[in-house]
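To start, the structure itself, in structure tokens.
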2 protein chains.
Amino acid sequence: MSKAQATRSDILTRAMELIYKQGFQSTSIDDILATTQVTKGAFYYHFKNKEEMGIALIEEAMHTEIWPGIQSSLSSSSNFRDNIYKMMDKLLFKHPFMTVEHGCPAVNLIQEMAPLNEAFRLALKKSLNKWERAIEAEIIRGQETGQLARSHDAKQIALHIITLYHGVRNMGKLLGKPYYVSFLSEFRQYLDSLN
Amino acid sequence: MSKAQATRSDILTRAMELIYKQGFQSTSIDDILATTQVTKGAFYYHFKNKEEMGIALIEEAMHTEIWPGIQSSLSSSSNFRDNIYKMMDKLLFKHPFMTVEHGCPAVNLIQEMAPLNEAFRLALKKSLNKWERAIEAEIIRGQETGQLARSHDAKQIALHIITLYHGVRNMGKLLGKPYYVSFLSEFRQYLDSLN
DNA sequence: ACATAAACATACCAATTAGTATGTCGCAAA
DNA sequence: TTTGCGACATACTAATTGGTATGTTTATGT
């Protein structure tokens with residue numbers, strides 16, 4: 001990685017941390033610069049403006065931070081229920097920087113920015129779509145291997161699972177980690193109820 | 001209502017509209033004043049600072065805006081499933097100022113402010129708790145009238161329903177109104193699956 | 001070694017922010 | 001009628017904001 005690429009990466013990494021905790025609008029560029037070796041000149045060399053940096057954050061940081069954990073869970077065993085459960089468990093409990101109090105950066109950004117900025121909305125939707133199709137594929141795999149009746153709508157279930165994830169990430173901010181635990185057991189029941 | 005009370009109410013009403021659409025942190029006091037007849041002196045006469053106004057917003061506006069619709073749905077018929085379904089339908093489709101793109105003000109505030117401000121978190125938790133107990137009571141009513149097995153944990157179901165609401169409000173920002181429709185039909189299925 | 005552009009660094013700016021200081025005006029009680 | 005306070009109104013400030021203008025350094029191909 002060249003020095004310039006490292007600088008760009010530093011900006012995105014630090015921006016991710018701050019935006020995750022404070023939100024996009026409330027994270028100032030000076031905030032990001034203050035805790036990096038990066039100067040304002042460097043920032044505006046790499047990004048046209050704050051918005052473009054936010055889009056880059058979604059497209060790059062999001063895909064490299066969150067996506068790998070999802071992919072490593074899905075298709076890891078032959079039992080599709082176990083895989084989806086493991087994906088949820090990993091997302092909620094095993095992720096290196098996500099905490100219960102601050103939730104999930106993607107969920108937070110959707111909440112904050114989707115109504116305000118169409119470019120954000122589209123980038124976030126694209127990201128969500130990728131996840132949705134991965135879950136959908138896992139469900140279809142379950143149907144093809146006889147674990148789940150073909151009468152189920154795979155896409156609808158996938159969206160339902162993502163909806164649950166969004167919900168629990170938000171509720172966790174009020175109820176704390178214990179709610180994650182009881183949610184997970186209910187989630188297991190939900191998966192088993194699909195027959 | 002006295003003139004002073006009307007002024008205070010004007011502030012909270014306009015603040016609610018703006019915070020709902022832009023978030024708490026990104027709504028400035030000048031924003032609120034600009035579209036009201038209220039001046040800065042009046043604002044700071046009624047509220048110590050911006051934070052205290054936010055807390056008042058949660059405790060008052062929230063309870064008077066959202067709560068009535070919930071209460072009128074619950075206990076309206078003898079079928080607890082119909083009542084809970086109606087509550088969800090009313091919240092998603094019938095509310096005077098909530099839109100799909102901006103979601104629900106309570107959900108938004110939890111997302112944004114719960115991790116940043118303990119006073120907000122507690123006020124929001126209290127508000128959520130009220131809702132949770134109302135749903136729980138409806139479920140218990142269902143159990144006592146033989147519509148639902150007593151083996152179910154009413155509180156867990158109530159929290160699950162609220163989690164779903166949070167999730168769908170967030171997902172709606174990406175997927176639009178059609179998702180509300182398909183969610184509602186899935187929600188009906190969920191309620192019927194409780195036996 | 002040298003030209004040239006990429007990759008920064010510094011200083012600045014106008015607008016916006018939450019909050020304050022200090023005044024004014026009307027009305028109720030004495 | 002006067003006094004006093006509730007309910008504002010106006011003008012201001014220091015800090016912060018996103019963004020720009022204009023430099024300087026550093027790498028890189030020739």
Side-chain angles (χ1 to χ4, degrees), chain A residues 1-58 60-61 109 112-113 115-120 123, chain B residues 1-58 60-61 109 112-113 115-120 123:
Chain A
M1 180 156 60
S2 77
K3 182 120 186 298
Q5 281 175 321
T7 300
R8 188 189 147 97
S9 172
D10 282 352
I11 295 170
L12 288 178
T13 300
R14 186 68 188 130
M16 178 69 153
E17 291 169 17
L18 289 171
I19 290 170
Y20 172 50
K21 292 180 185 165
Q22 310 176 353
F24 178 79
Q25 297 178 97
S26 297
T27 297
S28 72
I29 293 167
D30 285 338
D31 269 350
I32 298 167
L33 303 179
T35 44
T36 9
Q37 305 290 30
V38 181
T39 63
K40 194 156 272 197
F43 183 95
Y44 280 96
Y45 174 77
H46 285 284
F47 304 102
K48 204 182 82 196
N49 50 34
K50 195 187 174 190
E51 178 190 358
E52 208 193 48
M53 186 269 283
I55 304 292
L57 197 70
I58 294 167
E60 297 172 37
L109 273 176
E112 180 187 7
M113 296 305 296
L116 297 180
N117 186 304
E118 186 66 4
F120 271 74
Chain B
M1 180 156 59
S2 76
K3 182 118 187 298
Q5 282 174 322
T7 301
R8 187 189 148 96
S9 172
D10 282 352
I11 295 171
L12 288 178
T13 300
R14 186 68 186 130
M16 178 70 151
E17 290 171 16
L18 288 171
I19 289 170
Y20 172 51
K21 291 180 186 165
Q22 308 175 354
F24 178 79
Q25 298 178 93
S26 296
T27 297
S28 73
I29 293 167
D30 286 336
D31 269 350
I32 297 167
L33 303 179
T35 44
T36 12
Q37 304 290 29
V38 181
T39 63
K40 193 155 274 195
F43 183 95
Y44 280 96
Y45 173 77
H46 285 283
F47 304 102
K48 204 183 82 196
N49 51 34
K50 195 186 173 190
E51 178 190 356
E52 208 194 48
M53 185 270 282
I55 303 292
L57 195 70
I58 294 167
E60 298 172 37
L109 272 177
E112 180 187 5
M113 296 307 294
L116 298 179
N117 188 303
E118 187 66 5
F120 271 74

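All of these numbers come straight from a predicted model, not from anything done at the bench. In the text below, chain A, chain B and the rest are named by the order of the sequence lines, each starting its count at 1.
The nearest whole Å value for the distance from the CD atom in B:Gln37 to the C1' atom in D:dT10 is 16 Å. Taking atom CZ of B:Phe47 as the reference point, atom C1' of D:dC8 lies 14 Å away to the nearest angstrom. A straight line from CG of A:Leu33 to P of C:dA11 spans 15 Å, rounded to a whole angstrom.
Within the 4.0 Å cut-off from OP1 or OP2 of D:dA7, not a single side-chain nitrogen or oxygen of B:Thr7 is found. A sub-4.0 Å separation between OP1 or OP2 of C:dC8 and a side-chain N or O of A:Tyr45 is absent. In terms of phosphate contacts, B:His46 brings no side-chain nitrogen or oxygen within less than 4.0 Å of OP1 or OP2 of D:dG6.
Within the structure, salt bridge (Lys or Arg N to Asp or Glu O under 4.0 Å) contacts touching residues 44-57 of chain B (residues at least two apart or in different chains) do not occur. Within the structure, the salt bridge (Lys or Arg N to Asp or Glu O under 4.0 Å) test picks out no pair touching residues 18-29 of chain B (sequence neighbours left out).
Remark: B:Tyr44 engages B:Ile29, B:Lys40 in a side chain to side chain contact (heavy atoms under 4.5 Å, CB included) (not counting sequence neighbours). Under the rule for a side chain to side chain contact (heavy atoms under 4.5 Å, CB included), the partners of A:Ala56 that lie at least two apart in sequence or sit in another chain are A:Arg8, A:Leu12, A:Phe47, A:Glu60. In this structure B:Glu118 satisfies the side chain to side chain contact (heavy atoms under 4.5 Å, CB included) test together with B:Arg121, B:Leu122, sequence neighbours excluded.
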How does protein contact run along nucleotides 15-30 of chain D, one letter per nucleotide 5' to 3', with B for base contact, S for sugar-phosphate only, - for none, heavy atoms under 4.0 Å? --BBBB----------
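Going from atom NE2 of B:His46 over to atom CD1 of B:Ile11 covers 5.5 Å, rounded to the nearest 0.5 Å.
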